[in-house]
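Working notes, beginning with the structure itself.
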Amino acid sequence: MKEQTNIPTGKVERAGKFVTTGLKVGTNYIKHYTRKLMDPSVTKEALHQDNAADIYDTLSNLKGSALKVAQMLSMDRGMLPKAYSEKFAMSQYSAPPLSGPLVVNTFVKTLGKTPTQLFDRFDIHASNAASIGQVHKAVKNGKELAVKIQYPGVASSVKSDLRIVKPFAIRIVGMKEADMDKYFEEIETKLLEETDYKLELERSMALSAACAHIPGLVFPVYYPEYSSERIITMDWLNGMHLKEFLQTNPSQDIRNKIGQALWDFYQFQVHKLKQVHADPHPGNFLMQADGTVGIFDFGCVKVIPEDFYTNYFLLVDKEVLKDTDRRHQIYTNLEMIHPTDSPKEVAFFSELFQHMIDLMTLPFTQETFDFGNEVYFNEIYAYMDELYNMKEVRESKVARGSSHSLYINRTYFGLYSILSDLKSNIITSQHRIQRLVAGEQPE
């Protein structure tokens with residue numbers, strides 16, 4: 001893949017790239033409607049492909065928060081047209097990497113030495129490149145290391161990038177600006193945290209240690225002495241990303257082992273630690289042939305407030321939800337329905353949410369769950385499409401759902417998506433979760 005020799009870091013320069021892309025998108029629309037006049041059977045698929053390619057080309061070269069938003073959108077199946085999802089998914093681990101001189105410059109500025117002065121060997125060409133940083137392979141004292149380097153200008157451009165990318169997100173997703181505003185502050189907070197590599201290093205070491213007892217998980221050792229505000233050095237983990245792993249046609253037993261390890265990892269964090277690795281895209285996991293899975297990149301960690309946690313997981317309790325008044329109070333606490341809603345709106349949205357909750361919490365209500373059940377996921381996606389196209393939902397004057405739900409929902413959607421691709425059949429019982437929380441080995 002062609003390397004980048006520079007990244008636009010100035011607000012004006014970055015904004016100019018978006019303006020140029022906006023003009024390209026506008027031209028694509030004109031071409032589409034011209035073709036449609038000549039041939040009414042023309043669909044929007046070609047338009048989506050052209051727009052997705054142009055937008056991704058801009059985002060992948062700008063890097064940073066703009067590309068991160070694309071990555072987040074690619075994980076939410078049903079939110080984007082297929083062409084966007086497929087193109088934006090490339091940001092998970094195959095964005096264009098930085099050139100060697102920029103990499104060396106980052107080392108000199110933040111650690112005072114070049115990579116060849118610090119390591120016995122250092123591959124100047126990136127092994128992986130994503131939205132906020134890229135990874136290089138190094139060797140020190142015979143040990144293979146992974147060195148993550150943050151792109152220049154990422155931290156300083158978060159706020160301005162989000163202001164610029166918001167209109168694109170609104171247009172692609174089809175949401176009203178008021179709905180996007182509710183969550184952009186939460187996104188901005190998390191993105192700023194992701195650019196703080198010192199914070200990420202602390203969280204990586206703490207969460208890896210806290211979860212090390214869970215069977216089937218492998219975590220790297222981290223090296224603060226070779227890390228800085230823009231560099232994190234850790235052990236090199238072997239393994240394959242999900243797509244490559246599935247191409248090896250792993251056995252059902254291995255799929256189940258990996259799925260179980262990931263399920264246990266997330267339930268322990270959510271229910272015991274009240275903070276969670278909230279970036280469950282395939283680029284952050286390395287599957288191994290023996291059924292273990294390597295986990296890294298704790299840049300995006302969602303700390304879960306106690307009040308939100310209590311209300312959110314009351315939704316799993318079917319007995320609680322049988323009480324209409326209590327159910328409505330939980331929905332109000334989670335900002336799913338609002339005090340200003342009319343009785344008709346309360347009834348309407350309560351029914352919609354209840355059906356989605358019944359679908360999404362189904363694995364928690366059973367002893368085991370087969371995530372390879374395509375009927376289950378097709379029902380979820382069909383219902384999401386139905387919600388998306390409902391006039392009452394699209395014209396709602398208020399955004400529904402606490403801002404805290406953004407990353408928790410994203411975490412579970414991402415986890416479910418990976419388990420679905422693995423077709424894992426695993427133990428999901430409340431008893432297993434309780435044993436994990438108690439620090440006992442799951443049965």
Side-chain angles (χ1 to χ4, degrees), residues 74-75 77 85-86 89-90 92-94 127-128 130 135 137 144 146 207-208 211-220 234-270 276-277 279-297 359-381 411-436 440-443:
S74 75
M75 291 167 58
R77 297 184 183 184
S85 296
E86 291 179 347
M90 293 174 64
Q92 293 171 4
Y93 39 77
S94 60
S127 300
N128 292 298
V135 177
K137 196 169 188 177
E144 291 187 329
L207 289 173
S208 295
C211 298
H213 67 285
I214 299 173
L217 302 182
V218 178
F219 298 99
M234 68 194 87
D235 286 342
W236 181 271
L237 294 183
N238 291 313
M240 293 170 279
H241 290 302
L242 181 61
K243 185 176 180 180
E244 302 169 285
F245 176 72
L246 293 176
Q247 289 173 348
T248 68
N249 194 30
S251 68
Q252 187 62 50
D253 180 59
I254 294 298
R255 292 168 182 261
N256 293 346
K257 284 182 178 179
I258 291 177
Q260 190 70 65
L262 288 172
W263 176 267
D264 293 346
F265 172 62
Y266 277 99
Q267 305 320 315
F268 178 77
Q269 291 176 93
V270 169
V276 63
H277 178 292
D279 197 9
H281 68 74
N284 284 339
F285 305 103
L286 289 171
M287 317 294 175
Q288 304 186 48
D290 63 356
T292 56
V293 55
I295 298 177
F296 52 95
D297 196 341
L359 284 172
M360 294 304 300
T361 62
L362 187 60
F364 290 91
T365 65
Q366 301 187 8
E367 288 296 310
T368 63
F369 195 80
D370 181 7
F371 283 91
N373 183 352
E374 293 183 3
V375 173
Y376 170 70
F377 284 98
N378 288 338
E379 187 176 354
I380 290 177
Y381 300 143
T411 296
Y412 275 105
F413 275 123
L415 175 61
Y416 279 26
S417 177
I418 292 173
L419 296 177
S420 172
D421 288 339
L422 284 168
K423 300 187 185 305
S424 297
N425 193 334
I426 60 175
I427 302 170
T428 56
S429 68
Q430 290 297 309
H431 176 67
R432 187 181 184 91
I433 293 174
Q434 289 165 5
R435 288 185 64 86
L436 284 166
E440 302 171 1
Q441 285 293 318
E443 296 173 344

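All values below were derived from every heavy atom in this structure, side-chain atoms included, with hydrogens, water molecules and symmetry-related copies excluded. Worth saying up front: this structure is predicted, and the values here are computed from it rather than measured.
Contact record, Ala146 with Val135: CB-CG1, 4.0 Å, taken as the closest heavy-atom pair. Here the closest non-hydrogen pair linking Leu242 and Pro282 is CB-CB, 4.0 Å. The shortest non-hydrogen separation linking Phe369 to Pro363 is CD1-CA, 3.8 Å. Closest non-hydrogen pair, Leu217 versus Cys211, comes out as CD1-O, 4.0 Å.
Looking only at side-chain heavy atoms (C-beta outward), Ile295 and Leu262 come within less than 4.5 Å of each other. Looking only at side-chain heavy atoms (C-beta outward), Thr368 and Thr428 stay at 4.5 Å or farther from each other. Using a 4.5 Å cut-off on side-chain heavy atoms (C-beta onward), Glu367 and Ser429 make contact. Between Leu207 and Phe219, the closest side-chain pair of non-hydrogen atoms is not below 4.5 Å. The shortest distance between side-chain heavy atoms of Lys137 and Glu144 falls below 4.5 Å. Annotation: side chain of Gln288 is not in contact with side chain of Ile258 (no heavy-atom distance under 4.5 Å). Proximity of Met240 to Leu286: side-chain heavy atoms (C-beta onward) are nowhere separated by under 4.5 Å. Taking the side chain as every heavy atom from C-beta outward, Leu419 and Arg255 never approach each other to under 4.5 Å.
Counting only distance, with no hydrogens or angles, the side chain of Tyr416 and the backbone of Met360 share a donor-acceptor pair below 3.5 Å. Side-chain atoms of Glu244 come within 3.5 Å of backbone N or O of His241 as a donor-acceptor pair. Looking at Glu440, its side chain never comes within 3.5 Å of a backbone N or O of Leu436 through a donor-acceptor pair.
In the model, Asn256 has no side-chain atom that pairs as donor or acceptor with a side-chain atom of Gln260 under 3.5 Å. Thr292 and Asp290 form a side-chain donor-acceptor contact under 3.5 Å, judged by distance and modelled atom types alone.
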| query | Should Leu246 and Asp421 be marked as a side chain to side chain contact (heavy atoms under 4.5 Å, CB included) after you check the CA-CA gap, both sets of side-chain angles, and the distance that decides it? | reply | CA-CA 8 Å; Leu246 293 176; Asp421 288 339; 4.1 Å; yes
| Test side chain to side chain contact (heavy atoms under 4.5 Å, CB included) applied to Leu422 and Phe245, step by step | CA-CA 9 Å; Leu422 284 168; Phe245 176 72; 4.0 Å; yes
| request: Check the pair Asp264, Arg432 against side chain to side chain contact (heavy atoms under 4.5 Å, CB included), reporting the backbone distance first and the verdict last. | output: CA-CA 9 Å; Asp264 293 346; Arg432 187 181 184 91; 2.8 Å; yes
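A distance of 11.0 Å separates CG of Asn249 from CD of Gln247, quoted to the nearest 0.5 Å. Here OG of Ser424 is found 12.5 Å from NZ of Lys257. Values are rounded to the nearest 0.5 Å. Taking CD from Gln267 and CD from Gln430, the interatomic distance works out to 8.5 Å, rounded to the nearest 0.5 Å. Going from atom OG1 of Thr411 over to atom CG of Asp279 covers 8.5 Å, rounded to the nearest 0.5 Å. If you take CG on Asp297 and CG on Asn284, they are separated by 4.0 Å, rounding to the nearest 0.5 Å. Taking OG1 of Thr361 as the start and OH of Tyr412 as the end, the distance is 11.0 Å to the nearest 0.5 Å.
Around atom CD of Glu374, no more than 12 heavy atoms belonging to other residues, nucleotides or ligands sit under 6.0 Å away.
A ring-centre distance under 6.0 Å is not found for His277 and Phe296. Between Tyr376 and Phe371, the distance separating the two ring centers is not shorter than 6.0 angstrom. Between Trp263 and Phe364, the ring center distance clears the sub-6.0 Å criterion.
With respect to Asp370 and Lys423, no salt bridge is recorded, no charged nitrogen being found less than 4.0 Å from a carboxylate O.
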